[in-house]
Amino acid sequence: MYKVLLADDEGIVLDSLRYILEKNFGESCEIRTAKSGRMVIETAQEFVPDIGILDIQMPGINGIEAMKEIRTFNNRMVFVVISAYDKFVFAQEAMNLGAMDYITKPFSKEKVVETMQKAMKLIDEARQKRSNDLEVKEKLQAVVPVIENGFINLILFQEDFTAEMDSYRNLLGITAQYGMMVTLQFGERSEDGEFQNPVGTSVQIQSYQPAMREIIKEFFASAVVGAIMANKVAIFVPWENYNMEFEERSAVVERARNMVHKLNRQTHLYFRAGIGGVRKFVQLHASYEESKKALRMGKGSVAHTQDLMLGCDYEKDYPVDLEVKLFQYVRAGNVEGSRDMTNQFFDWMEENYGDHPQDIKTKVLEFVINAEREAFLQGGMRYGLLYRKDYLDTVMDCSSYQELRRWFVQKVVEAAWNVVEKKKEQNNSVVGKAKEYIKEHFNKDISLEEVAKYVDISPYYFSKLFKEEEGQNFIEYLTSLRIAKAKKLLQESEASIKEVCCEVGYSDPNYFSRIFKKVVGYTPTEYREGVVL
């Protein structure tokens, strides 16, 4: 079926064209007619024709102008123009606009039929191309996830991948020279905010997998999405530059937050995202480890490694599952949990290597070094501790498993405590620095975003950190400083209410008075006049 729009201001011309089409093409053509340029445009919007046969000279909007307007909302329509011999210059203009052909008046039946057949052939070819494109797209929808998963696996599990990486980048059209890894974690949320039922939710999420990929691509269009591994999904996001500016980082965090919130709504599960630093392709595994660490150590739905001041330098064979459990307890400040987990690990070593004490000692030493490396990467321990000779001497001198266990637990718990304490110091340092900045600038038009930029943390994470450390949010803290200063000025100076308002950072005296009364219980005037004794 072909939709055909006939346009001419002469009724006899329209009748002749309709008769020729119906006689030669029968029910394969659905025909509409129009007698003015305006009717042509309105009919084209509602009817969406495949072919338009338009007279150039029509009252009001002529055929040329109608073609231009229709092209703004329908670029697939095939145009044929009708013109008299003395209007041939207009026919040439129409051809320049993309008209397929022109017919001169008076026209013959043969010319109309020949031109229509030519137009129909173009329509058939375009439809076939669209069909082929859709078929290719449909096949790609099945193939692309496989290719993307291969790319992610290459990053996570293979050390020397330069040649293969180039192949994957060509297949996926990745031209950027850098990128970052994002780790999505999902599950059911427990009362303490941790993930639970990872196995059950990893099964449950399978039915949402296509929708989950679409949501990720909605917020990170060029992202490469890996397969679901337990209750995590690894994502690669290309990045053009090695450095990420503060504003860019804040925007990435905000996009990730919106993505997580939409995933929560669509799947009815609890999602969080950890974001690693921008790296070269050969260093992307480090970015991936940073993203996982950001998940463990961060607060809220999204955590960026740079906001947390985390680094990453994992060894390939490091027991990540053990580390995950350890830092879950550390993050909660649960030293007894860390102690219990370490004892369980030692029980496992005794059970599996009980006849090989040397192997157990080696594993204990390796695990302590890894735990302390984690503490060092958080800034919690001196690097020299990693290679102190007395560690090796102490482990080798242990005469019983009980003695070895005691030393092992002590060192792991110390590492956990060091990370917790250092994190508190970092948080206090960031908040302390922010408070000093606010105190120096509270009498200006200051914003949370401005302070967050000053301490080099994304506004989202800074807001959560400030509230957690201070017990009040940024606005509440800023307001308390301003009102305290206003009270002092009202008590000790002759400044007018308007002057006090400007002095403490407000531009509107009426708004200042409302805020002052809300906080103090009295208006500035009442306060100054001694209502408050």
Side-chain angles (χ1 to χ4, degrees), residues 1-139 141:
M1 175 68 72
Y2 305 91
K3 291 183 176 183
V4 183
L5 174 59
L6 306 176
D8 197 294
D9 59 333
E10 298 181 53
I12 190 170
V13 174
L14 292 177
D15 291 341
S16 298
L17 288 170
R18 179 187 285 273
Y19 175 80
I20 294 171
L21 297 185
E22 289 177 347
K23 183 73 173 178
N24 290 272
F25 303 103
E27 295 181 356
S28 65
C29 290
E30 181 182 353
I31 301 170
R32 296 280 183 92
T33 59
K35 289 189 175 183
S36 68
R38 178 179 177 180
M39 286 182 64
V40 169
I41 295 168
E42 291 175 348
T43 304
Q45 286 178 316
E46 178 266 326
F47 182 51
V48 192
D50 301 305
I51 301 169
I53 303 179
L54 278 62
D55 184 18
I56 288 177
Q57 291 296 104
M58 288 186 291
I61 301 172
N62 64 33
I64 299 292
E65 294 302 319
M67 283 179 61
K68 290 179 180 178
E69 182 64 25
I70 291 170
R71 275 286 181 249
T72 63
F73 58 84
N74 184 346
N75 56 12
R76 295 178 179 176
M77 186 172 170
V78 176
F79 287 105
V80 176
V81 295
I82 304 173
S83 69
Y85 281 113
D86 60 346
K87 303 297 181 183
F88 182 69
V89 65
F90 290 108
Q92 286 183 310
E93 184 179 355
M95 298 295 286
N96 291 334
L97 286 172
M100 182 201 75
D101 205 346
Y102 65 91
I103 301 173
T104 55
K105 293 179 182 179
F107 49 77
S108 66
K109 178 190 73 172
E110 290 75 17
K111 178 62 176 177
V112 173
V113 171
E114 177 190 342
T115 304
M116 273 298 294
Q117 288 173 336
K118 184 178 176 182
M120 288 176 173
K121 183 179 179 182
L122 286 178
I123 296 298
D124 290 341
E125 290 173 351
R127 287 174 176 173
Q128 186 60 50
K129 184 179 184 303
R130 286 197 295 274
S131 177
N132 292 341
D133 290 345
L134 286 173
E135 186 177 352
V136 170
K137 187 175 180 180
E138 194 174 62
K139 290 178 179 178
Q141 290 300 318

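In what follows, residues are counted from 1 in the order of the sequence shown. What you are looking at is a predicted structure, and each value in this text was computed from that prediction instead of being measured. FYI, side chains are in, hydrogens and waters are out, and symmetry mates aren't considered; it's all heavy atoms of this structure.
Here the closest heavy-atom approach between residue Ala66 and residue Leu54 is recorded as CB-CD2, 4.4 Å. Nearest heavy atom pair, residue Ser36 against residue Pro59, reads CB-O, 4.1 Å. Heavy atoms only, all atoms of each residue included: Val78 and Ala119 are closest at CG1-CB, 4.0 Å. Pairing each heavy atom of Ala7 with each of Val40, the nearest pair is CB-CG2, 3.3 Å.
When side chains are defined from C-beta on, Asp50 does not count as touching Met1, because their heavy atoms never get closer than 4.5 Å. In this structure, the side chains of Asn24 and Gln117 stay at 4.5 Å or more apart for every pair of heavy atoms. Using a 4.5 Å cut-off on side-chain heavy atoms (C-beta onward), Val4 and Met116 make contact. Contact check for Glu114 versus Asp101: no side-chain heavy atoms found under the 4.5 Å cut-off. Val13 is not listed as a side-chain neighbour of Asp55, based on a closest heavy-atom distance of 4.5 Å or more. Proximity of Val48 to Phe73: side-chain heavy atoms (C-beta onward) are nowhere separated by under 4.5 Å. Residues Lys109 and Lys23 form no side-chain contact, since every pair of their non-hydrogen atoms from C-beta on lies 4.5 Å or further apart.
Put simply, CE on Met100 and NZ on Lys121 are 11.5 Å apart, with the number rounded to the nearest 0.5 Å. For the atom pair Lys68 NZ and Asn62 CG, the distance stands at 8.5 Å (nearest 0.5 Å). To the nearest 0.5 Å, atom CD1 of residue Ile20 and atom SG of residue Cys29 are 12.0 Å apart. Residue Ile51 holds its CD1 atom at 7.5 Å from OH of Tyr2, rounded to the nearest 0.5 Å. Note that the CE atom of Met39 and the CG atom of Leu5 stand 9.0 Å from one another [nearest 0.5 Å]. For the atom pair Leu17 CG and Ile103 CD1, the distance stands at 7.0 Å (nearest 0.5 Å).
Remark: the backbone N or O of Lys111 is paired with a side-chain donor or acceptor of Thr115 at under 3.5 angstrom. Looking at Arg71, its side chain does come within 3.5 Å of a backbone N or O of Met77 through a donor-acceptor pair. With hydrogens and angles disregarded, a donor-acceptor distance shorter than 3.5 Å links the side chain of Lys3 to the backbone of Phe47.
Considering Lys105, Lys35, Gln57 in turn, Lys105 is the only one that fulfils the side chain to side chain donor-acceptor pair (under 3.5 Å) rule with Asp8.
Using a 3.5 Å distance cut-off with no hydrogens or angles, the side chains of Gln128 and Asn132 do pair a donor with an acceptor.
For Glu46, the CD atom is densely surrounded, since the number of other residues' heavy atoms within 6.0 Å is greater than 12. Enclosure of atom CZ in Arg76 is not indicated, since only 12 or fewer non-hydrogen atoms of other residues, nucleotides or ligands lie within 6.0 angstrom. Other residues, nucleotides and ligands place no more than 12 heavy atoms under 6.0 Å from the CZ atom of Arg38.
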### Task
Check step by step if side chain to side chain contact (heavy atoms under 4.5 Å, CB included) holds for Val81 and Ile64.
CA-CA 9 Å; Val81 295; Ile64 299 292; 5.7 Å; no
